[in-house]
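Okay, structure first, notes after.
The analysis underlying the following values was restricted to heavy atoms, covering all of them including side chains, and did not include hydrogens, waters or symmetry mates.
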Amino acid sequence: MGYVIPKNFLNLNKVLKTKYKEKYKGIRARTDSGSYWITTFGCQMNKADSERMAGILENLGYTKAEDEFNADLVLYNTCTIRDNAEQKVYSYLGKQAKRKHKLPELKLIIAGCLAQQEGESLLRKVPELDLVMGPQHVNNLGNLLERVDLGNQVVATEEIFISEDITNARRESSICGWVNIIYGCNERCSYCVVPSVRGREQSRYPGAIKDEIISLAKNNYKEITLLGQNIDAYGRDLPGHTMSGRELTTLTDLLYYIHDIEGIKRYRFATSHPRYFSKRLIQACYELDKVCEHFHIPFQSGNNEILRMMSRGYTIEKYKEIIDNIRILMPNASITADAIVAFPGETSKQFEDTLSLISEIGFDLVNTAAYSPRPNTPASKWGNQLPENIKKERLNELNEMVEKTSRERNKRYLNTKEKILIEGFNPKNPSQLMGRTRTNRLTFVEIPDLNQQINLISTELSQLIGRSPSQRLNFVGIPNNQQLNLIGTELNVRINKVRSFSLSGKICN
Ligand code: SAM
Ligand code: SF4
């Protein structure tokens with residue numbers, strides 16, 4: 001079934017603020033577009049946004065610069081989730097601002113969450129900036145640059161309907177692609193700046209998502225990660241309800257809808273919110289064989305009182321029930337999460353509840369952070385902030401626990417046979433292939449020696465791989481004459497080494 005995007009959905013951008021740049025008046029942009037450099041801070045959503053902006057720039061004739069300090073256009077796609085991420089951006093900007101004094105044609109752009117948070121005030125802090133643009137304006141980069149080329153300093157931070165992206169993103173990986181399915185967040189976690197910088201939830205229409213994935217499949221992509229700040233909220237802003245009264249289009253429905261796309265072997269999704277994570281979704285992940293057994297479900301704290309203060313909307317009991325239900329159907333699933341320590345007022349006992357939860361659940365990985373007060377968030381105004389030394393101590397203790405648990409969890413892979421989707425070569429050791437298990441464990445794979453007898457590993461493996469005496473990597477066609485190489489194929493690999501955050505193994509039958 002096709003989904004129709006209403007015409008007005010594409011055209012609701014409001015008028016942008018523009019300010020004439022007196023200082024650079026008369027200096028026009030070069031007519032050949034020149035080179036660009038993008039530095040991305042923060043989460044996968046930002047990385048996906050940067051890939052789309054790189055696609056737009058290349059479409060406009062820019063080429064990727066070799067070096068940040070030689071580029072004609074420099075774009076910092078920023079994060080403001082914690083204070084240290086924010087400070088880093090200012091130091092990068094300072095260096096480029098100095099460069100711009102010698103090279104007024106340099107285009108300097110700040111995008112992402114810091115741009116949205118600070119808006120026009122960034123122009124006072126860094127007058128050399130040409131463009132300040134919030135995350136909702138990513139797909140409009142081309143239009144905004146036109147205004148910059150006319151000599152304007154542009155601030156684009158109004159909340160808008162995000163227009164569909166018609167330019168192909170320039171993706172970092174040629175095998176794994178990120179696809180945004182919902183922008184923004186309607187939650188109000190008391191510590192989090194995301195809703196104020198990324199705006200209200202906006203789900204993309206399933207038809208547009210499917211078209212993007214089909215086009216990725218045609219370009220040989222094999223793995224798709226669906227992205228959203230609160231991905232379980234997908235579809236609640238889209239029209240329609242079923243006879244039983246639930247929303248017509250949910251993440252679960254979307255997974256069924258895209259599952260049959262030819263060429264795509266794996267689907268993942270992130271980030272899940274325990275408040276909305278449904279049994280129906282778990283059932284779908286179990287039934288749909290392309291959906292990987294990997295769930296990223298942040299719990300933030302192991303203590304119910306802290307969860308209440310965070311306004312998270314679930315209890316630890318509910319969280320454990322979700323994990324139990326996943327493990328009933330998919331016992332080997334990997335479970336990863338995010339956690340915050342030293343939230344205002346957190347006692348040592350409450351902190352220990354977080355440590356206990358990590359060891360009880362046996363997480364595969366937990367992204368950790370010490371609480372950082374963010375502007376315009378309720379928790380930042382409370383009087384019971386904890387001192388820096390406690391934050392550091394708790395974070396160190398938590399990290400030790402996470403590493404220990406991950407190492408323990410990884411032991412289950414030893415001597416098992418895993419399907420690894422090969423993404424490329426190990427950049428630190430090009431004599432190894434690199435890929436991931438379905439559970440998202442990074443795995444290094446020894447490249448087989450040609451003298452060794454190897455059998456066909458999968459029906460898609462059509463080449464043997466080896467090295468010449470000069471150590472050049474050679475691909476040798478096997479009799480069926482197909483010319484596929486190993487990148488993008490799923491190989492059976494026997495795991496012979498486990499570390500805290502990665503595995504190694506050899507190709508097997
Ligand atoms: N939407 C996801 C969720 O609800 O769990 C998280 C998205 S947020 C961009 C990523 C992570 O940053 C959060 O899970 C949280 O652990 C961390 N984070 C957010 N605000 C923070 C703050 N003020 N201080 C420290 N960590 C924070
Ligand atoms: Fe932030 Fe909470 Fe939204 Fe996640 S769900 S992005 S933590 S407000």
Side-chain angles (χ1 to χ4, degrees), residues 13-30 36-42 46 49-50 53 57 68-69 71-160 184 192-199 372-378 380-381:
N13 298 0
K14 287 185 194 154
V15 176
L16 303 158
K17 285 178 204 157
T18 63
K19 240 162 78 173
Y20 201 66
K21 279 189 299 184
E22 281 305 320
K23 188 166 175 190
Y24 303 114
K25 196 172 167 182
I27 295 174
R28 285 295 176 101
R30 337 162 19 134
Y36 75 91
W37 179 270
I38 299 181
T39 300
T40 310
F41 302 84
N46 261 16
D49 285 350
S50 288
M53 291 192 284
L57 290 173
E68 180 173 3
F69 291 95
D72 301 302
L73 179 154
V74 175
L75 187 156
Y76 293 126
N77 192 10
T78 59
C79 169
T80 172
I81 204 84
R82 287 183 285 277
D83 188 53
N84 50 6
E86 198 175 312
Q87 294 315 319
K88 234 193 244 174
V89 178
Y90 285 115
S91 103
Y92 280 52
L93 269 180
K95 290 182 197 148
Q96 291 293 350
K98 272 193 196 147
R99 211 179 133 223
K100 181 146 183 163
H101 288 181
K102 295 192 197 121
L103 196 72
E105 284 164 78
L106 166 67
K107 285 179 204 155
L108 201 47
I109 303 174
I110 183 154
C113 297
L114 181 64
Q116 184 68 36
Q117 180 184 290
E118 301 294 313
E120 218 170 324
S121 74
L122 269 173
L123 297 184
R124 285 191 288 279
K125 287 186 191 150
V126 188
E128 294 81 0
L129 278 167
D130 293 287
L131 171 58
V132 176
M133 54 183 282
Q136 296 193 341
H137 293 261
V138 162
N139 296 348
N140 291 334
L141 175 62
N143 296 333
L144 298 170
L145 273 177
E146 254 178 50
R147 291 170 184 240
V148 169
D149 284 349
L150 291 171
N152 293 305
Q153 236 176 347
V154 181
V155 178
T157 50
E158 283 81 4
E159 186 151 357
I160 57 166
C192 185
V193 76
V194 167
S196 69
V197 290
R198 287 205 170 248
S372 168
R374 305 313 298 133
N376 309 318
T377 56
S380 67
K381 298 178 189 119

Measure the CG-CD1 distance between Asp130 and Ile109 for me, rounded to the nearest 0.5 Å. 7.0 Å

Heavy-atom check, side chain of Thr39 versus side chain of Leu75, under 4.5 Å: no

Verdict with reasoning, Met53 to Asn77, per side chain to side chain contact (heavy atoms under 4.5 Å, CB included): CA-CA 10 Å; Met53 291 192 284; Asn77 192 10; 3.7 Å; yes

Applying side-chain contact (heavy atoms from CB on, under 4.5 Å) between His137 and each of Asn143, Asp49, Ile160, Val132, report the one that passes. Ile160

Working to the nearest 0.5 angstrom, can you tell me the gap between Leu150 CG and Glu146 CD? 7.0 Å

Could you check whether any side-chain N or O of Gln116 sits under 3.5 Å from a backbone N or O of Thr157, counting only pairs where one atom can act as donor and the other as acceptor? yes

Interatomic distance, Ile81 atom CD1 to Leu114 atom CG [nearest 0.5 angstrom]: 12.5 Å

Would you confirm whether Thr78, through its side chain, and Ala111, through its main-chain N or O, come within 3.5 Å as a donor-acceptor pair? yes

Determine whether a donor-acceptor pair (N or O, by modelled atom type, separation under 3.5 Å) exists between the side chain of Gln136 and the backbone of Arg198. yes

Any heavy-atom pair between the side chains of Leu129 and Leu93 that's under 4.5 Å? yes

How far apart are the C-alpha atoms of Cys192 and Thr377, what are their side-chain angles, what is the distance that settles it, and do they pass the side chain to side chain contact (heavy atoms under 4.5 Å, CB included) test? CA-CA 6 Å; Cys192 185; Thr377 56; 5.7 Å; no

What residues, two or more places apart in sequence or in another chain, satisfy ring-ring contact (aromatic ring centres under 6.0 Å, His included) together with Phe41? Tyr92

In the structure I gave you, are the side-chain heavy atoms of Lys107 and Leu145 within less than 4.5 Å of one another anywhere? yes

Option passing side-chain contact (heavy atoms from CB on, under 4.5 Å) with Val89 (candidates Leu122, Ile110, Val126): Ile110

Asn376 vs Ser196, side-chain hydrogen bond (donor to acceptor under 3.5 Å, both in side chains): CA-CA, chis, key distance, verdict: CA-CA 8 Å; Asn376 309 318; Ser196 69; 5.5 Å; no

Write down the atom of Gly112, the atom of Pro135, and the distance for their closest heavy-atom approach. O-CD, 3.5 Å

Report yes if some heavy atom in the side chain of Asn152 is under 4.5 Å from a heavy atom in the side chain of Leu131; otherwise report no. no

Side chains of Glu118 and Lys125, heavy atoms from C-beta outward: is any pair under 4.5 Å? yes

Partner set under ring-ring contact (aromatic ring centres under 6.0 Å, His included) for Tyr90, not counting sequence neighbours: none

Between CG on residue Leu103 and CG on residue Leu108, distance to nearest 0.5 Å: 11.0 Å

Side-chain contact, heavy-atom cut-off 4.5 Å: Arg99 with Leu106? yes

For Ser50 and Thr40, work out which heavy atoms get closest and say how close. OG-OG1, 2.8 Å

Using a 4.5 Å cut-off on heavy atoms from C-beta on, say whether the side chain of Gln96 contacts that of Tyr76. yes

So, taking the atom named CZ in Arg82 and the one named CD in Gln87, what distance separates them when rounded to the nearest 0.5 Å? 14.0 Å

Tell me, do Pro375 and Ser380 make a side-chain contact under 4.5 Å, heavy atoms counted? no

Would you find a donor on one side and an acceptor on the other, under 3.5 Å apart, between the side chain of Arg374 and the backbone of Thr80? yes

Ser91 side, atom OG; Glu86 side, atom CD - distance, nearest 0.5 Å: 12.5 Å

